[in-house]
Each structure stands twice: as structure tokens, then as C-alpha cells.
Amino acid sequence: MPDADVDLLHRYRPAVERSPLPTLLTVTGEHIVLYANPAFCGLPVVPSGAPAGARFASLIHGAEAVEALLDRVFRDGVTDVAADVAFACPEGRAFHGTAIVAPLLDDRARLRGLLVQILDTTEQVTARACEAQAARDLQEANEKLIVAGIREQELAERAIQSAAELRALLDAMSQGVVVFGASREVVLVNPAGREMLGLSGESPTLDDCRRCEFRHLDGARLDLEREVLCRIVRDGPFVEEEEVLLHLPDGAVRHLILSGGAVRGARGQVTLAMALYRDVTQVRELEQVREQCMSLITHDLRSTMTAAMYAAEVIGMNRAGYDPPVLAGRIVRSLTRMDEMIRTLLDVQRIRAGHGLPVLLGACDLVAIAREVIDDLASFHDQSPVLGGEARVEGIWSAGELRRAVWNLASNALKYGATGAPVVITVEKTSEHAVVSVHNEGPPIPAEDQARLFAPFVRTRAPMAGGQRGWGLGLMFVRGCAEAHGGRVTLVSEAERGTTFTLELPLDSRPHQRPG
């Protein structure tokens, strides 16, 4: 093994070996495997045996997209991602994964190889397939109900009863449904369809539907009659679920999944045409936020690494006018920041996987931790939080994890609270618990955002609209930290009282630790 590869292995192997994520290191443009951690070797698409020395292309079959990704990253030197790649398992079962590839640099910032991670997304892909099948089954059931009602038109009483049942079913559906007659008149629109398409009045007409501004994903205008109604009449049902955009008068844009079907009479003529709309706007927004957060994570890690590398290069060149101890301090701070970022990512991954946050317990003072957080934030913000409550609150906790949790809460309060209004950290003690509350003034967090705020990659609409940077992982870590200590985190956000996050902990967290 060349000395450069030995140095690269020595530099990166400890972090890769400890990582719970499937990770391997490659070298040269041929993508020769230098090292693969146990998690990577345990993937079902990896043959048994030590992969070191093998080419990546011969190690995993059916992953042309990943091989192309390796070439692109090695050529351009930038981190890239390939999502939902289908791999070939030796035993024939399905396996899907997201591949993340980043360049590996030596101590002179030269590109030597790649760091490859493959995250198992089989369950998510399977869940999406099941959801699509459920939507098709629901559409088929709706069509059968409509057919059953039309076939019995000569029996007035039964027809009335069937219509009532159909109306109740359509009213209860979350999908928007618009039913057109043989002359393209609007026969029925369910409540979800009215709300989704912005239709008003008791009896919406075809003209009302024409005024809905539908567009394809490429921005081209969608003609409702020609591309939807005529298609239903000519071809019958279509269930490929085309995604379209609906531009509303207030400027909002909805992402809708469009499908349709037809009811034909005894001679094959179309008697009813049905268009179905499923609103996936929130899903697309969450996907966009996740992509933005992943891009921001990559940017922050690379920026911090670049700062450390620049300082190291200046020391190595021994330039006049630069103080090596100062530069060394910058390197240490940059590496410490990178370590905190990576720890946050790994901790959140453990929490999402249900393993819980590992904590090292010991005696500590919660008030002293709060003071450290305030001193630390003073170097990043124009104002510092105000400390209130008791002089000392001691207990058995993990000081490092609690410091990160309180830092996340206080940093969020400074970023998103009202400008100039004080942020107050209060530490109190009851007979059984210690309580840390972080309060800020400003606009309240909407109720619909509060319910999902502690999930990963979730950010409220206000910070996103205001351009505030954030990973969307901090509050999930706070919740995991509280639960690891046997405590909990709560939120109260009202226009009159402001926003308060409260972290409640038992005074001794040792009885709440998991065995082993």
C-alpha cells in the first residue's frame, strides 16, 4: 500500500470505524476500497469477506448510478448524493439506499480518494409503493361505487339511496373529486375538491374549473378539457398519478397528484368523467426543507474544514506576520466545531433509529452549565441571554449533553425571538426535578408547526421565509437528550406570553438509564 494511502487510512479510519453509518474509504480514480467499517460490511448488497483492495464496481452490483456518482465526485471534488438507488442483493430480495459521497483530502488538501456512505431506504421506498397501491385501490373502489349507482337508475329509491351513500363517501374523502356529466357539465364536487381547487358557490360550473390555473411541473399551462376530460373520455381511467401545480389567486402554489376515470353506459358511451386530486404540497415542502438542510450541513462542514486547512497551510508555509499559536487555536476551534456537527448528526441518527442518546452521568450544576452557554453565545450574538432562578441546582446528569441542549434552545430563542427583547434562561429546582426554561418574546409558533417541531429536518415557516439558517435537527436532539435523562421537553407559544421551551429532568438520572 502506498505511503499516501497509509496516511489517508490512518487519518480517517478511526472516525469511520466508530460511525454507526455504513461507510467505506476508496482511493484513486479506480475507486479501490481502502477500508470499510463493520456497518458497511453488514449491508445485504455486500458479499461476505474483507472488501479492502477490491474495486467498488466489483463489490456492489446493480448500482450504476452510484458508480457514476463516484466518478463525478472524484472529478469535481464536491460532495454529492444519489437517492433511492435500487441495488442487487445476492439472495434476490429488494434493497434500496441513498448514497452520499464526499471527497477525501490529504494533509495538503489534495484529493486522494472518496468517503462513501450508503443509507438503507428500503422501508421508505416500500412505504411509498404501498401508499401508491392504496391510492389505486381507493380509486377503483370509488369507480365501482359510481358504477353501482348509475346501473340502478330505473329503481328510483335504490338510486337515491346509492347517491346518498356515494355523497357521504365523497364528503369523507381527503382526495378532491370533481365529477363531470356526458356534456361536460359539473355534476358533483366534494368538499375536499372545493377547498383544494378554491371553488365557491353552491353549484360550480365548467367555467369555474377552467379558471383554475393548472400547470405542469415545467411551468407549461395545463388545459383541463383537452388534457384531462378528453383523455378520460378517449382512453378511460388513468392512474399513473401525474403531478401538477395549482396556482391560487392569493399567490400560493399547491402540488396535486392528478388521476381520473370514466363511467360508461351499456353501449360503451361515457356517462360520467371523474377527476381526482390528491394534495401533496406538505410532502413536497418537507422534501425541499430536507434537501436544503442537507445542503446546509454539507456547506457548514466544508466551510469549517476549509478554515482549518487554510490555517494549517499558513503554519506550514511559515509566513511572516502570522502567529502560529493563534492559527493553531483557530484550527482547534474549527475541528471542535466540526466534531460537534458530526456528533449532532450521529446523535440524531441514533435517536431516529430508536437507540436513544448515550450519556455519561456525573455530578454537575445546571446553573453553571447555563452560565457557560450564556458566555459562549455572547461571542456569536449581539445580545446575551439573562440568567434567572436559583444560585445552584445540582444533580446527576451528563453535563456535555445538557450544555448542547440548553445551547440549542437559547440559540434558537436569540435567532427567532423579537429583536431587542430579552431572552431569559431560568433554572429552578423542585423536590424531585430540575427545570430549565428558555423564554423569548416575538411572534408565536403556529399550532400546526408545534405538533411536528421535534421531528428531524423540520423548520417553521417563519424562519424559512426570513432566510434564517438552520439544520432542523437541534430540537430533535433536545428531545432525545431529555428522554435519555428520564425527563421531557415541552413548549408553550402564545402571542401574549411569548415562547417558552421547558426542559424538566429528574435530580438523579441514573435509574432511568437503559441496561447495558
Side-chain angles (χ1 to χ4, degrees), residues 5-27 31-46 48-52 54 56 59-60 63 66 69-70 73-74 79-83 85 87 95-106 112-124 290 293-294 296-302 304-305 308 334-360 400-401 404 456-457 471 473-474 476-477 480-481 484 516:
D5 293 347
V6 173
D7 293 341
L8 201 67
L9 181 63
H10 178 73
R11 182 177 186 179
Y12 288 101
R13 175 169 177 167
V16 172
E17 191 171 28
R18 293 193 302 269
S19 173
L21 303 179
T23 308
L24 64 75
L25 306 176
T26 70
V27 291
H31 312 309
I32 304 300
V33 177
L34 183 62
Y35 172 72
N37 69 358
F40 192 94
C41 295
L43 290 174
V45 295
V46 178
S48 60
F56 182 89
L59 185 64
I60 298 181
V66 178
L69 178 64
L70 295 178
V73 173
F74 194 86
T79 300
D80 205 350
V81 177
V85 179
F87 296 91
F95 179 85
H96 295 264
T98 292
I100 304 173
V101 181
L104 289 181
L105 307 178
D106 62 14
R112 300 294 303 175
L114 302 175
L115 182 145
V116 184
Q117 293 181 316
I118 298 181
L119 310 182
D120 187 352
T121 60
T122 305
E123 292 185 4
Q124 295 91 322
R290 183 180 66 177
C293 289
M294 292 303 297
L296 182 58
I297 289 170
T298 302
H299 174 272
D300 287 351
L301 286 171
R302 287 185 61 84
T304 308
M305 180 177 65
S334 296
L335 295 178
T336 300
R337 178 60 179 151
M338 286 182 63
D339 180 67
E340 290 178 352
M341 294 179 189
I342 294 171
R343 286 176 60 196
T344 297
L345 289 172
L346 295 178
D347 288 341
V348 169
Q349 182 66 21
R350 287 182 59 89
I351 295 169
R352 291 183 67 190
H355 298 312
L357 185 68
V359 293
L360 183 62
E401 279 22 87
R404 293 165 63 195
F457 301 111
W471 291 10
L473 300 177
M476 185 175 188
F477 171 81
C481 178

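By convention here, the first residue in the shown sequence is residue 1.
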Side chain to side chain contact (heavy atoms under 4.5 Å, CB included) filter on Ala36, not counting sequence neighbours, yields Leu24, Phe40, Cys41, Pro51
Output for pair (Phe74 CZ, His31 NE2), nearest 0.5 Å, gives 7.0 Å
When rounded to the nearest 0.5 Å, the distance separating OG1 of Thr98 from CG of Leu119 is 6.0 Å
Checklist entry - Going through the checks in order, is the side chain to side chain contact (heavy atoms under 4.5 Å, CB included) test met by Leu115 and Val101? => result CA-CA 6 Å; Leu115 182 145; Val101 181; over 6 Å; no
Residue pairs meeting salt bridge (Lys or Arg N to Asp or Glu O under 4.0 Å), one or both in residues 112-124, sequence neighbours left out, come to Asp5-Arg112
One should read off an interatomic distance between Leu34 CG and Leu114 CG, to the nearest 0.5 angstrom, of 11.5 Å
CG of Asp80 to CG of Leu70, rounded to nearest 0.5 Å, is 10.5 Å
Residues 12-23 vs side chain to side chain donor-acceptor pair (under 3.5 Å), sequence neighbours excluded, gives Thr23-Gln117
Contacts of Ala39 meeting side chain to side chain contact (heavy atoms under 4.5 Å, CB included) (sequence neighbours excluded), chain-then-number -> Pro22, Asn37
Of all heavy-atom pairs linking Ala102 and Val73, the shortest is C-CG1, 4.1 Å
Between Thr79 and Pro103 the two heavy atoms that sit nearest each other are OG1-CD, 3.7 Å
Donor-acceptor contact present, side-chain Thr26 to main-chain Val33, <3.5 Å:
no
Sorted by chain and residue number, the salt bridge (charged side-chain N to carboxylate O under 4.0 Å, His left out) partners of Arg11 (sequence neighbours excluded) come out as none
